[in-house]
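Please read the structure below before turning to the comments.
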2 protein chains.
Amino acid sequence: MDTTQRTEQQRSADRRRRELLEAADRVVLRDGPGASMNAIAAEAGITKPILYRHFGDKGGLYAALAKRHTDALLDSLRAALDAPAERRERVEATLDTYLAAIEARPQVYRFLMHPAEGSPGDQGFDVGKHSAPLLRRMGEELAQVIEERLDLGPGSQQLARVWGHGIVGMMHAAGDWWLGERPCSRAELVRGLADLLWGRLAAAGDKVGGPGF
Amino acid sequence: MDTTQRTEQQRSADRRRRELLEAADRVVLRDGPGASMNAIAAEAGITKPILYRHFGDKGGLYAALAKRHTDALLDSLRAALDAPAERRERVEATLDTYLAAIEARPQVYRFLMHPAEGSPGDQGFDVGKHSAPLLRRMGEELAQVIEERLDLGPGSQQLARVWGHGIVGMMHAAGDWWLGERPCSRAELVRGLADLLWGRLAAAGDKVGGPGF
DNA sequence: CGTGCATGTTACTTGCGGTAACCACAGTCT
DNA sequence: AGACTGTGGTTACCGCAAGTAACATGCACG
């Protein structure tokens with residue numbers, strides 16, 4: 001039968017695909033997210049049309065590339081989040097894992113956060129449709145963990161999602177800023193964010209002699 | 001002297017510039033952030049080189065455009081943040097103001113969050129350098145307010161900045177997600193986020209019968 | 001042998017950012 | 001009046017990257 005053949009070819013195609021992705025990875029890491037298809041193809045030792053046969057268009061390639069890294073990052077985040085420890089410790093570990101990841105490979109991070117957007121024929125874009133899918137996935141993931149671990153009373157599911165996306169956004173924006181300016185150590189940043197989540201904003205006293213009242 | 005003449009010409013140029021910006025605004029709002037220079041020029045009733053004479057390059061135009069909206073948004077946020085009210089109320093008002101803004105004009109919002117990035121000759125990009133400047137500005141602004149209003153003890157300045165960027169990121173990501181899925185009303189979202197900032201995450205009890213321990 | 005069929009190539013089209021060179025009209029100087 | 005300058009405008013082009021069409025090649029199967 002040709003089933004065995006088909007699987008055989010399938011495997012070959014998959015291997016090819018993985019090789020191509022790795023080449024794309026190298027060149028994107030080297031040249032940034034603006035890497036051209038020509039450059040990627042050259043790095044892979046082939047030419048453009050093959051890339052298009054495999055991934056459809058640039059968006060497809062980038063999506064596949066992003067999925068790899070996103071999955072990897074999400075795995076490590078899950079590990080930190082699921083560790084058997086106090087909640088505060090888990091939160092800090094998760095924050096630290098994320099920050100360590102973006103610190104170690106800023107190029108990857110930058111690529112993930114700004115996937116191809118300027119592609120022509122891009123109409124019909126409902127807001128947020130192709131806005132960083134990594135953030136969305138992380139938000140959903142975190143929401144799930146929150147919802148299944150915490151007792152939030154009625155409306156817990158929606159609240160968990162709000163918090164999931166909110167916390168992820170906090171982590172992301174703070175990390176982005178921190179990576180650009182490096183105003184403090186990673187540990188300090190982690191502590192600061194955890195403190196924020198732990199309600200220190202609400203607990204802090206008004207500054208004496210402040211403006212207004 | 002030609003000083004009066006110069007100011008005269010300056011004014012004419014400024015008026016022109018504003019007209020061009022308004023045309024650009026219209027077309028960006030209509031066609032999204034991927035709007036071409038040609039389209040913008042056509043909308044303004046002129047041709048490309050004039051745009052380039054005024055704004056240098058596409059990045060310049062987009063920066064000018066973004067500055068207008070960013071300034072406007074920041075103004076309304078400042079108003080909400082500086083209102084004479086309890087802290088929680090102020091926070092909720094600020095969140096609501098932001099969400100109302102992005103809800104009212106999602107196209108503007110989307111444009112602001114993803115300014116041109118794919119320009120060629122883009123190497124030497126330190127991470128975060130051209131990543132959404134609106135977020136940065138909002139973060140810094142909020143940090144300043146926090147720092148001058150709250151008594152945070154030692155290291156208050158850095159902590160305030162961490163919180164500023166963190167909170168802004170939270171607001172942004174949650175808003176982005178919410179705008180895409182509309183899973184709940186604006187008021188519910190505001191409440192949820194404020195609750196998060198008020199430490200309900202830390203205060204929540206473990207779910208009974210949860211997985212693991 | 002020829003017929004598929006996957007893999008690869010060259011060479012092209014299209015569209016965009018950006019620029020050079022040219023045009024026209026206002027005012028100014030002599 | 002007529003040459004001189006500068007400002008707002010245009011056409012026509014370059015370079016480059018995405019994406020495609022059409023052609024070539026190698027290999028299994030009847």
Side-chain angles (χ1 to χ4, degrees), chain A residues 1-21 23-24 27-28 31-65 115-123 130, chain B residues 1-21 23-24 27-28 31-65 115-123 130:
Chain A
M1 290 297 161
D2 35 18
T3 61
T4 60
Q5 275 190 350
R6 267 219 171 158
T7 57
E8 178 53 36
Q9 291 177 196
Q10 197 88 351
R11 284 194 185 186
S12 160
D14 279 9
R15 232 184 34 228
R16 212 48 172 173
R17 189 186 160 94
R18 221 167 298 164
E19 290 172 16
L20 297 187
L21 275 180
V27 67
V28 163
D31 297 356
S36 83
M37 293 298 263
N38 256 328
I40 294 173
E43 170 73 29
I46 50 157
T47 49
K48 270 193 302 177
I50 301 182
L51 286 181
Y52 285 97
R53 283 232 254 273
H54 274 267
F55 301 102
D57 64 350
K58 190 170 186 169
L61 202 178
Y62 274 31
L65 210 51
E117 64 165 10
S119 41
D122 217 6
Q123 47 232 53
H130 29 23
Chain B
M1 281 304 162
D2 36 15
T3 61
T4 60
Q5 276 189 349
R6 268 217 170 159
T7 56
E8 180 52 38
Q9 291 176 197
Q10 197 87 350
R11 283 191 185 190
S12 158
D14 278 10
R15 231 184 34 227
R16 211 52 177 168
R17 189 186 160 94
R18 220 168 298 164
E19 290 173 17
L20 297 186
L21 276 180
V27 66
V28 163
D31 297 355
S36 83
M37 292 299 261
N38 257 327
I40 294 173
E43 170 72 29
I46 48 155
T47 49
K48 270 194 300 176
I50 301 184
L51 287 181
Y52 285 97
R53 282 232 252 273
H54 274 268
F55 302 102
D57 64 351
K58 189 169 187 170
L61 202 178
Y62 275 30
L65 210 51
E117 64 165 11
S119 41
D122 217 7
Q123 49 231 50
H130 27 23

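Atom set for the values below is all heavy atoms of this structure, side chains included, hydrogens, waters and symmetry mates excluded. Keep in mind that what you see is a predicted model, and the values were worked out from it rather than measured.
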Query - Angle by which the axis turns from one end of the helix from C/dC1-D/dG30 to C/dT30-D/dA1 to the other, five pairs per end, to 10 degrees - result: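 Here the local axes at opposite ends form an angle of 30°.
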
Requested in this report: Answer yes or no: is there a side-chain heavy-atom contact under 4.5 Å between B/L61 and B/H54?
Outcome: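 No, side chains not in contact.
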
For the pair made of [atom1] in [X] and [atom2] in [N], what is the distance, rounded to whole Å?
X: A/D14; N: C/dA6; atom1: CG; atom2: P; result: 15 Å
X: B/H54; N: D/dT7; atom1: NE2; atom2: P; result: 12 Å
X: B/M37; N: C/dT19; atom1: CE; atom2: C1'; result: 12 Å
X: A/N38; N: C/dT10; atom1: CG; atom2: P; result: 11 Å
X: B/K58; N: C/dG17; atom1: NZ; atom2: P; result: 4 Å

Which side-chain N or O atoms in residues 40-49 of chain B pair as donor and acceptor under 3.5 Å with protein atoms at least two apart or in another chain?
residue: B/E43; atom: OE1; partner: B/R30; partner atom: NH2; Å: 3.0
residue: B/E43; atom: OE2; partner: B/R26; partner atom: NE; Å: 2.7
residue: B/E43; atom: OE2; partner: B/R26; partner atom: NH2; Å: 3.3

Query raised in the report: Side chain of A/Y62, backbone of A/P33: donor and acceptor closer than 3.5 Å?
Result: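 Yes: the side chain of A/Y62 pairs with the backbone of A/P33.
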
Query raised in the report: Under the side-chain hydrogen bond (donor to acceptor under 3.5 Å, both in side chains) test, which residues partner B/R16, sequence neighbours left out?
Result: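 Once residues adjacent in sequence are excluded, the partners of B/R16 under the side-chain hydrogen bond (donor to acceptor under 3.5 Å, both in side chains) criterion are B/E19.
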
Which residues pass the side chain to side chain contact (heavy atoms under 4.5 Å, CB included) test with [X], not counting sequence neighbours?
X: B/A64; answer: B/R17, B/L21, B/F55
X: A/S36; answer: A/N38, A/A39
X: B/R53; answer: none

Query raised in the report: Do you know which two heavy atoms are closest between B/M37 and B/Y52, and how far apart they sit?
Result: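 Looking at all heavy atoms of both residues, the shortest contact is CG-OH, 3.5 Å.
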
Query raised in the report: Where along residues 39-53 of chain A does a heavy atom fall under 4.0 Å from DNA chain D?
Result: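 Here the set is A/K48, A/P49, A/Y52.
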
